[in-house]
Amino acid sequence: MEVTGSAARVRDACDAARSGGATVGFVPTMGALHAGHRALLDRARSECGFVAMSIFVNPLQFGEARDLAAYPRTFEADHGVAERAGCDLLFAPDGADMFPNGRPEVTVDPGPIGGRLEGASRPDHFRGVLSVVAQLFHLVGPCRAYFGEKDAQQLALIRRMVHDLDVPAEAIGCPTVRDPDGLAVSSRNVRLSNPERAAALSLSRALAAAANAVGQGERSADVLRAEMARRIGAEPLARLDYVAVVDERTWEEVTEIGGPARALVAARVGDVRLIDNVALVWDGDQAAR
Ligand code: PAF
């Protein structure tokens with residue numbers, strides 16, 4: 001595995017791989033790699049002749065300096081994960097490699113979906129994500145890029161950017177990886193104490209209850225939202241930020257489940273902000289029963 005901080009080298013290596021007939025698979029990350037990232041790398045490795053991964057803790061997507069400072073940095077361990085997964089190229093730039101002329105003045109506007117949910121709670125977060133992902137896509141060139149469904153709104157916005165700006169990349173969503181008790185794996189989980197980790201389970205359990213209720217025929221999004229809020233609210237160590245039930249296409253809140261929908265939750269547990277979501281599978285036949 002080649003490791004580089006050079007943008008020019010990434011461009012050359014990916015161009016050379018494509019010239020040799022390989023499909024380039026790309027896994028953009030901020031490091032602190034966990035089982036979710038390993039699943040993305042494995043999928044890329046199984047589908048592509050050449051696999052590139054980036055590790056860059058993107059300052060543009062953090063609102064508060066303390067969140068950026070607190071983000072775990074585990075490069076030695078990450079290097080081992082990438083190598084064992086058969087990654088061909090690890091791009092690990094520092095701030096000067098990515099932004100040699102300082103922070104970018106021209107950025108990507110995430111549009112209306114980017115103002116909802118995570119975008120409402122974290123102003124400019126998605127502008128920062130899309131700007132850096134666009135820059136990485138320009139370096140890597142045509143590729144299949146792999147993202148976790150745990151960050152469902154991020155994935156939807158990247159797909160929208162790829163579509164609206166004709167980016168020569170395919171954004172592929174991979175299922176959320178969960179610990180055996182249901183907690184969605186996240187780089188932030190290492191900052192949870194044992195009691196906080198137990199409290200964090202209220203998020204995945206609230207979502208599972210919502211998905212289960214839909215499976216039993218519940219169609220009212222208000223009922224689902226209220227039940228999720230009740231479950232997370234009952235956990236003293238969790239401070240709820242939002243619960244939502246949205247249309248997968250528009251990301252607007254729905255009143256009734258009648259098509260592809262997603263339930264999402266965000267909460268602070270101790271000092272750690274956690275998000276999770278689940279697809280609500282509506283079997284249209286239920287309406288006829
Ligand atoms: O999901 C992440 O780790 C980041 O938001 C991403 C896509 C690497 C952009 O910095």
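Counting starts at 1 for both ligands and their atoms, in listed order.
- The residue I158 has no part lying near ligand 1, judged by heavy-atom distances below 4.0 Å.
- Under the 3.5 Å distance criterion, the side-chain polar atoms of S121 are left unmatched by any main-chain donor or acceptor of E118.
- Of the protein's non-hydrogen atoms, Q154 NE2, 3.9 Å is the one closest to atom 2 (C) of ligand 1.
- Of all the listed residues (M53, Q61, H125), Q61 holds the heavy atom that lies closest to atom 9 (C) of ligand 1.
- Look at D88 and R45 and you find a salt bridge, because one of the NZ, NE, NH1 or NH2 atoms lies within 4.0 Å of a carboxylate O, short of that distance.
- Taking every non-hydrogen atom of T29 and a distance limit under 4.0 Å, the qualifying atoms of ligand 1 come out as 8 (C).
- Salt-bridge check for R122 with D67: failed, with every basic side-chain N at 4.0 Å or more from each acidic carboxylate O.
- Counting atoms of ligand 1 from 1 in the listed order, those under 4.0 Å from a heavy atom of P28 are 8 (C).
- Of all the atoms in ligand 1, the ones that sit under 4.0 Å from a non-hydrogen atom of V132 are 9 (C), 10 (O).
- A side-chain donor-acceptor contact under 3.5 Å links R144 and Y146.
- Environment of CZ in R225: crowded, with over 12 heavy atoms of neighbouring residues, nucleotides or ligands closer than 6.0 Å.
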